[in-house]
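See structure below.
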Amino acid sequence: MGVVLRDDEAAFRKMGDHDLIDSYLVYRARDTLCSVSLGDTEDYRQLLSAMNPEELGANEIAMLVTNLKALAGAVSYIDNVLHNELLSAIFNMSLWNYKPDVMDALVEFIESLATSSGKYVDYCLAMLTCQFFPPGSLPLPKILARKDGVLSRVHSSLKYIADLVPLSPVRLVPIVLDGKPQYRLNNTSTLSLVIYVENMLKLESGVLGEVVRIPMLAGVVDLLLDLDVEIEWEDIQNDTSKGIFEMELEDVDESRDDGLNDDSELPRKLSWKTSGGNSFAEKLDSLMVLIFEHLESCQVADRLIKIFDTLLESFKKTVLTAYKSKFAQFVIFYACSLDPKNCGVTFALMLEHTFFFSTNRPLLRMSAVAYLASYLSRAKFLSVFVVADTLERLVDWCVKYVKMQDDVINPEAHRIFYSGCQAIMYLLCFRMRSMMDDPQLKPWLVRLPLESILNNKLSPLKVCLPSIVLEFLRQAKAARLFMTSEKFIFDDYLESKLSREFGGMERLDMFFPFDPCLLEKSDSYIRPNFIFWSMVQPTYDDEDSSDEDVGEAFASDDDGGMDCGIMQSLEEQHFDFAEVGSALNKMSITPKDSLHSRFGGAINQPMRMPSRIRPSTSPESL
């Protein structure tokens, strides 16, 4: 080896025949390795010392390159027991710590070792995937300067090994998934996590085949959900009188006739009780932006639909079943926005089928219809006709359910039905005006059998969230779409005892998964494709229907309208409608853009919506 050459051997190196010199170095490496089994370890010890120099000067670097190249030609003589120290020293080397000549020599050795014997493949793959994130001690300028050089060599080496060892991609998958940085540790930076996921996505879009693509995408979604769940509601500084998250909602200055300035519309930065919650949110936000950009590149490469199937399957298995998910679901939302006709419709159909499929678990069906209603209400990119088709099928299902029942109010027994009814009303709160303004959809909507599903012995209007029920009734009354003479008594404006019973301990009655995204960077991607409440033009006119007139609007017995008992019962429970009206003005965090073509004309005043429907809640918050 380079550090143990005798004088005559050193002279031999000066002959000028590079091939001959390389062959001789390989011969010396073989001799050094073989001598260990004979008990002669002097040269081997010097070799180990050269692999771990105390200082890394020019001579040490040259010797390191020489030894690695020589060992690359002698890999068949390496024994994992006799030469364990040597292998350990090499496997613990990081490309990030060296210049290109050492990187190339190290990669050459790893490739030779991996392709020489199957017993070293996993070790070599693990060593290469360890390069997916930089050492914690490396300063940021060096990370940024060396990143492209390191990662291009790593992925080139993985492809080289895969070409010669066809099963290596299969063995690579668990190594990558199990080797993710420990995001719970304080010393795991956001940058390290982002670089690792960037490499997972590079594998997904690379040439290693389907066996790598599918688990890489699923692994990324799993990581997002893991970070999402780590963000506890208790970590977030909030005013319980205002909701789970403290958001900078629209503070409408009633003394002004003009709109709000852009700065006041941005979401307020989340306020954290603990540094841990802030750390997880920062990591999650950065990763979601990375994935949004990856989805955009897939769309440009005409492969978005191909990966969407994998994303959708991963969503069904993980996100859809995780009632505590707060932000991870916006990945699928953004993918749908990039291709509304294919991905957007496919996602809606999946949620719809999950709700209709009677063998699915009740909680899964309720979660699916909550996602469906929230998605159809918020997705600006979906055609109103797509929304109408889905709404019609939801109503048909509820009609058939009612016909098969001979029961009275029972929130637990009929929780799936109540979740379907609430989804219909919530969806119409957002979309009723756009449908009524469409000459094709208006007669269809008027003929929709809403009364048969909402006015029956199961009494969904008494069970669903009062805030949604009241807003729906208010709009339906103005549109002459649905009227009731029933009296309602709610124990709370935001929720009721019956809604809590049908929502269960998971509180799926208060689950609105596509409420505004509160992650600052991610929101900038979601916002252009998102319907905020301030964009919605309800069927009633605030100028003609103030909060004090709501009771009268529903109390016209002559035309079969709603009895004023609902308003009287609320007044008896000391509801301040002026305060409620103020809360209604704060539903959105977006500029009140005019959606002339889809929501019926300019918006002159801030709209009032289901009062204080809050971002999706979890049991811990209640």
Side-chain angles (χ1 to χ4, degrees), residues 26 29-30 33 68-81 83-84 86-88 90-95 103-133 148-180 195-223 294 297-298 301-314 317:
V26 171
R30 293 174 181 174
L33 294 171
L68 286 170
K69 287 182 172 294
L71 288 171
V75 290
S76 60
Y77 291 84
I78 294 179
D79 182 276
N80 62 320
V81 176
H83 310 121
N84 179 62
L86 176 63
L87 290 173
S88 179
I90 295 176
F91 288 146
N92 285 325
M93 295 175 68
S94 174
L95 294 175
M103 290 188 201
D104 292 335
L106 181 54
V107 166
E108 180 184 349
F109 171 80
I110 293 297
E111 291 175 350
S112 298
L113 184 64
T115 55
S116 68
S117 174
K119 63 183 178 181
Y120 295 117
V121 172
D122 288 357
Y123 295 105
C124 294
L125 295 177
M127 186 271 179
L128 289 172
T129 57
C130 281
Q131 314 306 315
F132 280 3
F133 54 93
D148 291 341
V150 170
L151 299 182
S152 63
R153 287 174 171 82
V154 169
H155 286 275
S156 176
S157 183
L158 290 172
K159 181 184 181 302
Y160 177 85
I161 295 171
D163 290 341
L164 298 180
V165 186
L167 288 179
S168 65
V170 178
R171 301 165 76 167
L172 175 66
V173 168
I175 293 173
V176 173
L177 297 181
D178 294 341
K180 289 180 293 189
I195 292 177
Y196 197 90
V197 172
E198 183 180 346
N199 280 281
M200 293 177 69
L201 295 175
K202 192 169 184 177
L203 287 174
E204 180 278 321
S205 59
V207 295
L208 297 187
E210 297 293 304
V211 68
V212 171
R213 180 179 64 82
I214 294 176
M216 288 302 110
L217 278 176
V220 170
V221 174
D222 289 345
L223 178 58
H294 181 71
S297 69
C298 291
D302 199 25
R303 54 186 297 268
L304 179 62
I305 295 178
K306 187 175 183 180
I307 71 165
F308 183 78
D309 291 338
T310 303
L311 278 178
L312 193 62
E313 192 63 30
S314 183
K317 292 180 179 179

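Residue numbers count from 1 along this sequence.
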Using only atom types and a distance under 3.5 Å, with no angle test, would you say the side chain of Ser314 pairs donor to acceptor with the backbone of Thr310? no
For Tyr123, I'd like to know if atom OH has over 12 heavy atoms of other residues, nucleotides or ligands within 6.0 Å. no
Test your reading of the model: is there a side-chain donor-acceptor pair from Thr115 to the backbone of Glu111, 3.5 Å cut-off? yes
Which value, rounded to the nearest 0.5 Å, describes the distance between His294 atom NE2 and Ile307 atom CD1? 5.0 Å
Nearest non-hydrogen partners of Leu217 and Glu204, listed with the distance: CG-CG, 3.6 Å
Are any of the side-chain heavy atoms of Glu108 and Leu68 separated by less than 4.5 Å? no
Do you know the tightest heavy-atom contact between Ala126 and Ile175? CA-CG2, 3.7 Å
What's the spacing between Asp222 CG and Leu177 CG if we round to 0.5 Å? 8.5 Å
Between Val165 and Ala114, the two heavy atoms sitting closest are CG2-O, 4.1 Å
Locate the shortest heavy-atom distance separating Val211 from Val173; write the atom from each residue and the value. O-CG2, 3.5 Å
I'd like to know if the side chain of Ser157 and the backbone of Arg153 have a donor-acceptor N/O pair within less than 3.5 Å. no
Minimum heavy-atom separation for Leu208 and Ala162, please, with both atom names. CD2-CB, 3.6 Å
How long is the span from the OG1 atom in Thr129 to the NZ atom in Lys180, to the nearest 0.5 Å? 13.0 Å
Would the distance check show the side chain of Gln131 and the main-chain N or O of Met127 forming a donor-acceptor pair, the cut-off being under 3.5 Å? yes
How are the rings of Phe132 and Tyr196 set relative to one another: parallel (under 30°), tilted (30 to 60°) or perpendicular (over 60°)? perpendicular
For the residue pair Leu71 and Leu86, establish whether any side-chain heavy-atom pair is separated by less than 4.5 Å. yes
Assess whether side chain to side chain contact (heavy atoms under 4.5 Å, CB included) is satisfied between Asn199 and Val154, documenting all intermediate values. CA-CA 10 Å; Asn199 280 281; Val154 169; 5.6 Å; no
How far apart are the C-alpha atoms of Lys306 and Cys298, what are their side-chain angles, what is the distance that settles it, and do they pass the side chain to side chain contact (heavy atoms under 4.5 Å, CB included) test? CA-CA 9 Å; Lys306 187 175 183 180; Cys298 291; over 6 Å; no
With a 6.0 Å cut-off (strictly less than), is the heavy-atom count around OH of Tyr120, excluding the residue itself, greater than 12? yes
For Met103 versus Leu95, what's the shortest heavy-atom pair and its separation? CE-O, 3.5 Å
Measure the CG-CG distance between Leu87 and Asp79 for me, rounded to the nearest 0.5 Å. 9.0 Å
Could you point out which residue of Leu172, Leu201, Val176 forms a side-chain contact (heavy atoms from CB on, under 4.5 Å) with Met216? Val176
Rounded to the nearest 0.5 Å, what separation is found between the NZ atom of Lys69 and the OG atom of Ser112? 10.0 Å
How many angstroms lie between atom NZ of Lys159 and atom OG of Ser168, to the nearest 0.5 angstrom? 11.0 Å
